[in-house]
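Throughout, a chain's letter reflects where its sequence line sits, starting with A, and its residues are numbered from 1.
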Amino acid sequence: MRANSNLFWILGAFFWAADIAYVLWSIIDTGKPEWVGLVGMALTGVLSFFLAFYIGRTRSAQGGDVPQDRPDANVDDGDPEMGQFSPWSWWPFTLGLGLTLVFLGLAIGTWVSFFGGPLAAIAIVGWNYEYYRNNFAR
Amino acid sequence: MDNVSSTSLAPSSAPVINRPNVTQVGVIVWLGSEVMFFAGLFAIYFTLRSTSPGLWEHQTAKLEVPYALVNTLILVASSFTCQAGVFAAERLQARRTGSVLQFWKWGTVEWFYLTFAMGAVFVTGQVFEYANLVTEHVDFTGDSYGSAFYLTTGFHAMHVTGGLIAFLLTIGRIFAVKNFTHKEATTAIVVSYYWHFVDVVWIGLFLVIYVLK
């Protein structure tokens with residue numbers, strides 16, 4: 001993950017350098033900065049630095065390199081418990097349907113949104129507590 | 001066997017490590033995309049500001065900076081109470097061990113309730129601010145300043161509201177289980193990541209809209 005982190009540091013530096021060049025160029029050309037590119041590139045740099053920082057912190061907290069970063073690791077070294085992943089669920093579909101109605105309502109008539117909103121709210125709660133109910137209650 | 005990278009006989013030298021939490025890394029990457037969403041809003045604001053400076057001068061004079069500053073301080077303080085809740089989650093302490101007033105013995109639930117209340121005060125404060133500005137003719141469809149102001153602060157307020165719902169869902173998850181485990185702690189931590197992000201975005205918005213004008 002050191003390589004991942006370094007790539008994002010390099011990307012961030014690149015975007016900030018490109019931003020400076022872009023602003024200077026736009027000032028030379030038109031006499032004032034062009035704001036969309038200025039803000040866009042500056043915050044793309046922020047995005048990159050943010051990820052570089054977090055990945056770097058994650059790496060230093062794990063006390064070593066993950067197996068996929070080590071040439072001498074075996075395949076089954078990278079076979080731990082990865083976390084909980086749902087095998088299937090109807091809730092994402094329900095949420096998608098609810099949000100579809102909300103945004104459809106914004107386009108064709110607000111009354112449609114009032115049917116989509118409650119459906120989306122039910123789906124959010126259902127999705128969040130799917131593995132906290134029934135068989136999964138603990 | 002020349003084309004096989006390892007065999008079951010080869011002893012591994014890979015050390016035992018604390019593997020990165022995929023949920024936390026995933027949330028951070030998503031927040032990176034949120035940075036770009038707000039980059040678009042900031043770009044809208046700055047572009048319109050540079051094209052109509054006279055309008056900006058006229059409309060920003062109507063902003064009540066001290067009011068917004070108090071609201072900002074409440075939101076910033078809520079990030080600290082949220083982090084206190086995360087520290088409790090990292091101790092796997094769901095509930096308080098002392099009385100209600102002994103906040104140093106609070107668990108995640110108490111800290112998150114307080115954070116929720118502060119976030120709710122912030123959003124409520126913005127609603128009153130909007131109402132006040134509309135009476136002073138800063139309208140969403142009235143001019144480009146109104147559009148930029150309500151788009152940026154409004155999308156931020158929607159994010160705060162989403163965070164408030166996330167706090168309630170997190171508290172509900174803690175109530176739903178008998179034992180507070182690492183899964184609930186992960187939920188609390190990623191919600192705090194989101195909350196800190198929304199807080200930092202507001203600091204940016206406050207500096208741009210109320211200080212820089």
Could you tell me whether the side chain of A:Phe85 reaches within less than 4.5 Å of the side chain of B:Val22, counting heavy atoms only? yes
B:Ile28 side chain reached by A:Phe50 side chain, heavy atoms, under 4.5 Å: yes
Crowded around A:Arg2 CZ? As in, over 12 foreign heavy atoms under 6.0 Å? no
Counting N and O atoms only, with roles assigned by atom type, does the side chain of A:Arg59 sit under 3.5 Å from a partner on the main chain of B:Pro20, one being a donor and the other an acceptor? no
So, the part of B:Gln24 with a heavy atom under 4.5 Å from chain A: the answer is both
Once rounded to the nearest 0.5 Å, what's the spacing between atom CG of B:Leu168 and atom CD1 of A:Ile124? 12.5 Å
Could you tell me whether a side-chain N or O of A:Tyr132 sits under 3.5 Å from a main-chain N or O of B:Gly172, the two making a donor and an acceptor? no
Turns out that what part of A:Ala42 lies under 4.5 Å from chain B's heavy atoms comes down to neither
Counting only heavy atoms closer than 4.5 Å, note whether B:Thr186 contacts chain A via side chain, backbone, both or neither. neither
Specify which of A:Leu51, A:Val39, A:Leu38 makes the most heavy-atom pairs with chain B at under 4.5 Å. A:Val39
Would the number of heavy atoms belonging to other residues, nucleotides or ligands and lying under 6.0 Å from OH of A:Tyr22 be above 12? yes
Nearest 0.5 Å please: distance from the CH2 atom of A:Trp35 over to the CZ atom of B:Phe42. 12.0 Å
Selection from B:Leu31, B:Thr47, B:Thr23 maximising heavy-atom pairs under 4.5 Å formed with chain A: B:Thr47
Please determine, among A:Leu47, A:Ile55, A:Val66, the option with the most heavy-atom pairs under 4.5 Å with chain B. A:Leu47
Is it the case that atom CE in B:Met36 sees more than 12 heavy atoms from other parts of the structure closer than 6.0 Å? yes
Indicate the ring-plane relationship of A:Tyr54 and B:Tyr193, choosing parallel, tilted or perpendicular according to the 30° and 60° boundaries. perpendicular
Does a sphere of radius 6.0 Å around CZ in A:Phe115 hold more than 12 heavy atoms from other residues, nucleotides or ligands, not counting ones at 6.0 Å or beyond? no
Are more than 12 heavy atoms, taken from residues, nucleotides or ligands other than A:Glu130, located less than 6.0 Å from that residue's CD atom? yes
Locate the shortest heavy-atom distance separating A:Tyr131 from B:Lys183; write the atom from each residue and the value. CB-NZ, 3.9 Å
Quick check on A:Thr44 against chain B: is it the side chain, the backbone, both or neither that has a heavy atom closer than 4.5 Å? both
With a cut-off of 6.0 Å (strictly less than), are more than 12 heavy atoms of other residues, nucleotides or ligands near CZ of A:Phe114? no
CZ/A:Phe103: more than 12 non-hydrogen atoms of other groups inside 6.0 Å: no
